[in-house]
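Accompanying notes for the structure given below.
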There are 2 protein chains.
Amino acid sequence: MLMCIVKSHTHIGDRIVTSLSDATSSPDAARSRPTMRHVAALAGVGVKTVSRVINGEPNVSAATIAKVNAAARTLDYQPDLHAGNLRRADGRTRTLGLLVGSVDNPFAGAVHRAVEDVALSRGVAVFASSLDDDPDREQEAVSAFLRRRVDGLILTTVSGSQAYLAPELRRGTPVVFVDREPAGITSDSVVSDNADGAALATRHLLERGHRRVAYLGDRHVIQTARERRRGFLEELGRAGVATRDVPVIEGLHDEETARLATLELLESPTPPTAIFSSQNLVTIGAIRALRQLGRHRDTALVGFDDVPLADLLDPGITVVAQDPQRIGRTAAERVFARLDGDHEPAARTIVPTRLIERGSGEILPRGEG
Amino acid sequence: MLMCIVKSHTHIGDRIVTSLSDATSSPDAARSRPTMRHVAALAGVGVKTVSRVINGEPNVSAATIAKVNAAARTLDYQPDLHAGNLRRADGRTRTLGLLVGSVDNPFAGAVHRAVEDVALSRGVAVFASSLDDDPDREQEAVSAFLRRRVDGLILTTVSGSQAYLAPELRRGTPVVFVDREPAGITSDSVVSDNADGAALATRHLLERGHRRVAYLGDRHVIQTARERRRGFLEELGRAGVATRDVPVIEGLHDEETARLATLELLESPTPPTAIFSSQNLVTIGAIRALRQLGRHRDTALVGFDDVPLADLLDPGITVVAQDPQRIGRTAAERVFARLDGDHEPAARTIVPTRLIERGSGEILPRGEG
DNA sequence: ACCTATGTTGACATCGTTGTCAGGGTGACA
DNA sequence: TGTCACCCTGACAACGATGTCAACATAGGT
């Protein structure tokens, strides 16, 4: 039982015959990946018919469907999605590119998971990459996504301008910015209300009588970091606190830099009675410093973005929690809405933040506690 | 300035002329994605020459390179990686499929990040999916990866057998199993020594005099859960503890089920003096239950797999930590080694675990503390 | 028996790219 | 001046699939 495949060429009369031994047992056949032509040959039908069966198109007889399916199963045939896409009318790769801060950050993990869930329900696979707040990585990740012809992009960005995406947007590729808003370009975005959340946290501390409140922030290039700083300072201003002497420490991007900065802050001549930390890793660094100096029970702390197990610490960590799950879901839904033909103007979706009181934010200023 | 593209057909003398208006300004041109033909036409060279420039092939004059690059930039041309792959000799998509427990689990996040780092250094993009310990999801995720022709697979699995991957393995696709070992098939795997780690945790508790030690485990279908249970029970056996009355609770898969099971356990007539929880979410659930009943200072707890902020809790949570970062890195390196032609027999790489004492595991049995 | 409507099927061009190959230009050397 | 080698270049087929279209078989109506 020898199976032959005839590849016809355009030159009339010129034919090349490629013979394969029995596809079910020969190592040769097993080594190369079966194509539709192999399935067609084994089933004794044309390739187009195989295509019809694989894609569930109508007008194929039941007997033919059975033959083709049997052949496909025998050969362990897997259609090549990308080859199909080359010719397919809609040109969709059923693939999405997701760029987050870092895939091992809990916030990003939650966003990712939500995006995946929406994508999965539509048979779309997700490329995930970590930004690491590096503009070069941003460029390379986006470029890698586009070279792979993703149907849509969900991006956390850090470079000064995303204008480089303008041509791609014009071609109709949906781009949704998450967590941080884009610059130099207009497109959908899904973000927390950073300034408002920061103001909320700040007001919470002010209401408890704190006047020396310190700000621990991420690098200034990061849009949300600027927003949170703004919300913090504006709230102080509204309360009539002179912002000149307020300790504003920026450029913190991981636990360790945050811990060291907090140590320095607490050991200064006039340490703050309360701290607002503007990011989850910074919050953790601040907690470590407070513990290290035994000051965690007399220095108030409110963090922006929730921290794992924050409720199990003593005191529990009061935070302005974002809703990463909802951010991710909403972003994915926007991408798919665009793919489904939504041509509304670009919209900014603001996902509310929520203050969760757990103890650390309710500590009163020293001398009044 | 009108740019024309001539598509020659095979029929001699039959030519179709497609005219595009100026590609730099017309909305028409901007809407469709530029191909090599567009770039070639604008640069006034052949497509193959464009291909050479884009891929950095040698033997192209400096002047031509400049012309092509200028045209590519003007049109914002992005090569289609998948179209190229169709013809390219090695057939590599520079893409990898990663299946983890859930992308929002900290263990999985760390594995993912490590895989990404290795992949990025080789220009390979990563598809990430969540397994959710659902055999159907496993099948669908693998199938989705294969239809997209990933170069390699890194898989956490849950179905009873991975024999369905045999044909794919025969075709030479590298498959590396992480965290859990495969069944029904032989391929590379990178895992923690689960039985050994569990025994380590158990011994730690036994050495401190505990005799009523409870086991809180994940679902029995999960290979690592079985291994950890085995290590636990074997260590009890070695210490001469009768395993008949040992509370072994299985089937816990999230914080809440673990919390409820722990509550029930602690409220039984003869509660354990120590708990071994075999997974990070289960550990967290157990912590919550212990706190809830105020028993966290008199009931010892050792968890398998580290928990975020475990060192900041009071007491700190003693764990047998895995090294997810190393597991991910090693798995990715194995995939690339296979792709680079390594044909050694399949190997199981065991990444050591490490007991981290933080307090909860050093609590002595009641009446002796 | 004849025509038409409908269902089934496969040949062929095509998607965007790369491999092959052959043709032409240039410079070195005899 | 002729030969040869080398560099540059582009026409063409091919990769694995789908869209188009025409051919054919079958059934139904006259």
Side-chain angles (χ1 to χ4, degrees), chain A residues 5-12 14-16 18 32-41 43-65 67-68 72 75 77-94 146-149, chain B residues 5-12 14-16 18 32-41 43-65 67-68 72 75 77-93 147-149:
Chain A
I5 293 207
V6 179
K7 306 159 92 169
S8 66
H9 285 226
T10 43
H11 311 294
I12 295 160
D14 173 5
R15 295 186 153 249
I16 295 177
T18 311
S32 79
R33 197 181 288 279
T35 71
M36 273 199 178
R37 271 223 309 282
H38 295 83
V39 178
V45 302
V47 281
K48 179 64 215 200
T49 299
V50 175
S51 169
R52 271 189 272 260
V53 174
I54 296 293
N55 293 290
E57 286 173 37
N59 296 336
V60 184
S61 74
T64 305
I65 291 179
K67 270 193 303 185
V68 169
L75 299 178
Y77 171 72
Q78 304 267 158
D80 184 324
L81 201 60
H82 291 116
N85 265 61
L86 215 47
R87 194 62 170 74
R88 202 188 308 272
D90 66 4
R92 298 273 165 84
T93 54
R94 306 192 78 69
L146 293 180
R147 277 195 300 269
R148 289 177 175 81
R149 295 296 186 260
Chain B
I5 294 208
V6 178
K7 307 159 92 169
S8 66
H9 285 226
T10 43
H11 310 294
I12 294 159
D14 175 4
R15 295 186 154 248
I16 296 176
T18 311
S32 79
R33 198 181 287 281
T35 70
M36 273 196 179
R37 271 222 309 283
H38 295 84
V39 178
V45 302
V47 280
K48 180 63 214 200
T49 299
V50 175
S51 169
R52 272 189 272 260
V53 173
I54 296 292
N55 293 290
E57 284 173 39
N59 298 334
V60 184
S61 74
T64 305
I65 291 179
K67 269 193 302 184
V68 170
L75 300 177
Y77 170 72
Q78 304 268 157
D80 184 323
L81 200 59
H82 291 116
N85 265 69
L86 213 47
R87 194 62 170 77
R88 204 187 305 273
D90 66 4
R92 298 272 166 84
T93 54
R147 276 195 299 269
R148 289 177 174 81
R149 297 292 186 263

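Sequence lines set the chain letters: A, B, ... in the order given, protein chains first and strands last, and positions in each chain run from 1.
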Check: Going by heavy atoms in the side chains, are A:Asn55 and A:Arg88 under 4.5 Å from each other?
Finding: yes
Notebook entry, point to check: Between D:dA17, C:dG16, C:dT18, which one does the side chain of B:Thr35 approach most closely?
Noted result: C:dG16
Item checked: Side chain of B:Arg87 - closest among D:dG16, C:dT18, D:dA17 -> C:dT18
Checklist line | Phosphate contact (C:dT8 OP1 or OP2) by A:Ser61 side-chain N/O below 4.0 Å | finding: no
Notebook entry, point to check: Taking for each residue the nucleotide of DNA chain D with the nearest heavy atom, is it A:Leu81 or B:Pro58 whose nucleotide lies nearer the 5' end?
Noted result: B:Pro58
Check: Considering only side-chain heavy atoms of B:Lys48, which listed nucleotide, D:dG16, C:dT20, D:dT18, is closest?
Finding: C:dT20
Next item on the list: First locate atom CZ of B:Arg148, then atom NE2 of B:His82, and finally report the distance between them rounded to the nearest 0.5 Å.
Entry: 9.0 Å
Check: How long is the line joining CG of A:Asp90 and C1' of D:dG19, in whole Å?
Finding: 12 Å
Notebook entry, point to check: At what distance, to the nearest 0.5 angstrom, does OG1 of B:Thr64 lie from CG of B:Asn59?
Noted result: 11.5 Å
Check: Base, sugar-phosphate, or nothing for A:Val47, non-hydrogen atoms under 4.0 angstrom?
Finding: nothing
Check: Separation of B:Asn55 atom CG from C:dG16 atom C1', in whole Å?
Finding: 12 Å
Checklist line | Nearest to side-chain heavy atoms of B:Val60, which nucleotide of D:dT9, C:dG10, D:dG19 | finding: D:dT9
Next item on the list: Grab the CD1-C1' distance between A:Ile65 and C:dT9 for me, whole Å please.
Entry: 13 Å
Note to self: Side chain of A:Arg88 only, heavy atoms from C-beta on: which candidate in D:dT18, D:dG16, C:dT18 is closest?
What the structure shows: D:dT18
Next item on the list: Answer yes or no: is there a side-chain heavy-atom contact under 4.5 Å between A:Ile54 and A:Met36?
Entry: yes
Notebook entry, point to check: Is B:Thr93 close to B:Leu81 at the side-chain level, that is, under 4.5 Å between some pair of heavy atoms?
Noted result: no
Check: Expressed in angstrom and rounded to an integer, what is the separation of B:His38 atom NE2 from C:dT17 atom C1'?
Finding: 14 Å
Checklist line | A:Leu86 CG to C:dT17 C1', straight-line distance once rounded to whole Å | finding: 8 Å
Notebook entry, point to check: Taking CG from A:Asp80 and C1' from C:dG16, how many angstroms apart are they, rounded to a whole number?
Noted result: 13 Å
Margin query: Any base atoms under 4.0 Å from A:Ala40, or only sugar-phosphate, or nothing? Heavy atoms, all strands.
Written below: nothing
Notebook entry, point to check: Any side-chain heavy-atom pair from A:Arg33 and A:His38 closer than 4.5 angstrom?
Noted result: no
Margin query: Can you measure A:Arg37 atom CZ to D:dT18 atom P for me and round it to whole angstrom units?
Written below: 14 Å
Check: Within this structure, what is the CZ-to-P distance between A:Arg52 and D:dA17, rounded to whole angstrom?
Finding: 16 Å
Margin query: When you measure from the side-chain N and O atoms of B:Thr49 to the phosphate of D:dG10, is any distance below 4.0 Å, counting only OP1 and OP2?
Written below: yes
Margin query: At less than 3.5 Å, do the side-chain atoms of A:Arg149 and the base atoms of C:dG16 form a donor-acceptor pair?
Written below: no
Note to self: Can you tell me which nucleotide in C:dG19, D:dG19, D:dA17 comes closest to the side chain of B:Glu57?
What the structure shows: C:dG19
Next item on the list: Compare side-chain N and O positions of A:Asn59 against OP1 and OP2 of C:dT6 and report whether any pair is under 4.0 Å apart.
Entry: no
